[in-house]
Amino acid sequence: MGPFSLDLLARDLGSNRRVVIENQLDATNHDHLGKLLTYAAGFDASVVVWLVREFRPEHRAALDWLNHRTGEDTAFFGVVVEAWKIDDSNPAPQLVAIAMPNDWQKEVASRATRGEASNLSERRIRYRDFYQQLLDTLREKHQFTRARKAQPQNWYSFASGFAGISYSVGFTAENNARVEVTIATSDGKEVNERLFSQLKKVRESIEEDLGFALMWDPLVNRKACRICVERPGEIDADDDALADIQRWMVGNLLEIRRVFLPYLREFPF
């Protein structure tokens, strides 16, 4: 945006709205308020978030005024980040919304009750419902994730406990269901390819332990590398077929995590 740089540009997966986020390490000031409005206008954002350590009363009043004066399609949030500790635990971040649109909390609860169906296509609703059941199974039966609310998207990613390594499930454009290990560290393509190559050296042992072959894809034109298994499957299948795909995804996620864990532990993350 000219001489300025937006901190974060996001997209609300539930409504496909653009979100601009301005992060500030200290208390609010007029300079950052001006930047926030500039970014919102420049990116035609529907949601604007100002994340700071401390909100001055005059700036909170400014966001309240903007929420009061703008239409229902525009929302301004003022969020304070705090560090919370319980007994001797490490500090954990807690985000506290102190400025928000009028009746926003009531509307969020209402949308949750309605399932936000009015904003979603039938296919996205099917994705959301499919992954909601999958998340519930992984969380409640296997302690695989803490995630509770599924999003209307065709893939889902889970932390592995190792920086830059994740487990994912999804549906491909070729009408396949996929479970994968994604190597996408912040150190760049060279490091990702090195980790990929180290794992590929023990490919035979990994696949023998799993009991099935994997696809080893270095994704030449991308920063990440992928190790995955696929089977036919699409989100438009009937309920019995989707239930079978869910069981397949859950089983393979658990097995892939079990088999890859000792090898990942050997890497100097």
Side-chain angles (χ1 to χ4, degrees), residues 7-8 10 12-14 19-29 32 36 47-61 63-64 75-101 103-113 128 131-151 153 155-169 181-187 191 195 249-250 253-269:
D7 288 334
L8 291 171
D12 180 350
L13 293 175
V19 182
V20 299
I21 304 171
E22 176 72 359
N23 302 317
Q24 193 175 347
L25 293 174
D26 48 11
T28 56
N29 57 41
H32 280 82
L36 193 72
V47 181
V48 182
V49 181
W50 193 0
L51 180 65
V52 300
R53 187 188 67 189
E54 177 187 352
F55 248 91
R56 291 192 169 97
E58 57 269 29
H59 296 131
R60 177 177 179 175
L63 293 190
D64 288 340
F76 291 85
F77 293 87
V79 181
V80 169
V81 59
E82 300 177 347
W84 286 17
K85 293 186 65 174
I86 299 176
D87 295 329
D88 296 325
S89 70
N90 291 327
Q94 176 71 15
L95 302 179
V96 181
I98 64 168
M100 63 193 74
D103 297 328
W104 174 73
Q105 290 174 313
K106 185 186 299 183
E107 177 61 20
V108 167
S110 175
R111 284 203 306 269
T113 301
R128 185 196 59 193
Y131 284 119
Q132 187 63 62
Q133 295 178 22
L134 185 138
L135 289 182
D136 292 343
T137 298
L138 289 172
R139 185 184 66 254
E140 296 170 6
K141 294 185 177 180
H142 306 288
Q143 294 76 52
F144 189 92
T145 180
R146 295 181 180 179
R148 291 186 172 275
K149 184 178 180 181
Q151 299 295 332
Q153 58 198 38
W155 57 272
Y156 235 90
S157 185
F158 304 92
S160 69
F162 301 92
I165 309 293
S166 62
Y167 305 117
S168 300
V169 294
V181 180
T182 308
I183 304 172
T185 73
S186 60
D187 297 318
V191 172
L195 295 178
M249 285 182 171
V250 169
L253 275 173
L254 296 174
E255 280 298 286
I256 284 175
R257 181 180 65 173
R258 177 186 67 81
V259 172
F260 274 82
L261 181 59
Y263 300 103
L264 295 177
R265 284 174 173 165
E266 297 178 2
F267 295 153
F269 291 100

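Just the heavy atoms: all of them, side chains too, but no hydrogens, waters or symmetry mates, feed the values below.
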*Asks:* Quick one: pull up CE in Met249 and OG1 in Thr137 and give me the separation to the nearest 0.5 Å.
*Replies:* 12.5 Å
*Asks:* Given 3.5 Å as the limit, does a donor-acceptor pair link the side chain of Gln132 with the main chain of Arg148, or not?
*Replies:*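 Judged by distance alone, yes, a pair lies under 3.5 Å.
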*Asks:* State, to 0.1 Å, how close Ser168 and Leu253 come at their nearest heavy-atom pair, and which atoms those are.
*Replies:*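 Closest approach of Ser168 to Leu253, heavy atoms only: O-CD2, 4.3 Å.
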*Asks:* Sequence neighbours left out, cut at 3.5 Å: what donor-acceptor pairs do the side chains of residues 81-88 make with other protein atoms?
*Replies:*
from	atom 1	to	atom 2	distance (Å)
Glu82	OE1	Trp84	NE1	2.8

*Asks:* To the nearest 0.5 Å, what is the distance between CD (Glu54) and CD1 (Ile98)?
*Replies:*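 The CD atom of Glu54 sits 9.0 Å away from the CD1 atom of Ile98.
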*Asks:* With a 4.5 Å heavy-atom cut-off, do Leu261 and Phe162 have their side chains touching?
*Replies:*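 Touching, per the 4.5 Å side-chain cut-off.
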*Asks:* What residues form a side chain to side chain contact (heavy atoms under 4.5 Å, CB included) with Ala159, not counting sequence neighbours?
*Replies:* none
*Asks:* Could you give the distance from CG (Leu195) to CD (Glu266), rounded to the nearest 0.5 Å?
*Replies:*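 Rounded to the nearest 0.5 Å, the CG-CD separation comes out at 12.0 Å.
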*Asks:* Between Phe144 and Phe158, does the ring centroid distance fall short of 6.0 Å?
*Replies:*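 Here the rings of Phe158 and Phe144 have centres that are less than 6.0 Å from each other.
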*Asks:* So do Phe260 and Ile165 actually touch side chain to side chain, heavy atoms under 4.5 Å?
*Replies:*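 No; the side chains remain at least 4.5 Å from each other.
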*Asks:* I want to check something: taking the side chain as every heavy atom from C-beta on, are Thr28 and Arg60 in contact at a cut-off of under 4.5 Å?
*Replies:*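 When only atoms from C-beta onward are counted, Arg60 and Thr28 do not touch, as no gap falls below 4.5 Å.
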*Asks:* Answer yes or no: is there a side-chain heavy-atom contact under 4.5 Å between Val79 and Leu51?
*Replies:* yes
*Asks:* Measuring only between side-chain heavy atoms, which start at C-beta, is Trp50 closer than 4.5 Å to Gln24?
*Replies:*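 In contact.
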*Asks:* Identify the heavy atoms of Arg146 and Arg139 that sit nearest to each other, and give their distance.
*Replies:* O-CD, 4.0 Å
*Asks:* Val48 versus Phe77: any side-chain heavy-atom pair under 4.5 Å?
*Replies:* no
*Asks:* Could you tell me the separation between the OH atom of Tyr156 and the OG1 atom of Thr145, rounded to the nearest 0.5 Å?
*Replies:*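 Answer for the OH-OG1 pair, Tyr156 versus Thr145, is 8.0 Å.
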*Asks:* Quick check for you: to the nearest 0.5 Å, what is the distance between Asp26 atom CG and Arg53 atom CZ?
*Replies:* 6.0 Å
*Asks:* Quick check for you: to the nearest 0.5 Å, what is the distance between Leu138 atom CG and Tyr167 atom OH?
*Replies:*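 Atom-to-atom, Leu138:CG and Tyr167:OH are 13.0 Å apart.
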*Asks:* Do Arg56 and Asn29 make a side-chain contact, defined as non-hydrogen atoms from C-beta onward lying under 4.5 Å apart?
*Replies:* yes
*Asks:* Would you call Phe55 and Leu63 a side-chain contact if the rule is heavy atoms closer than 4.5 Å?
*Replies:*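 Result yes, sub-4.5 Å side-chain heavy-atom pair found.
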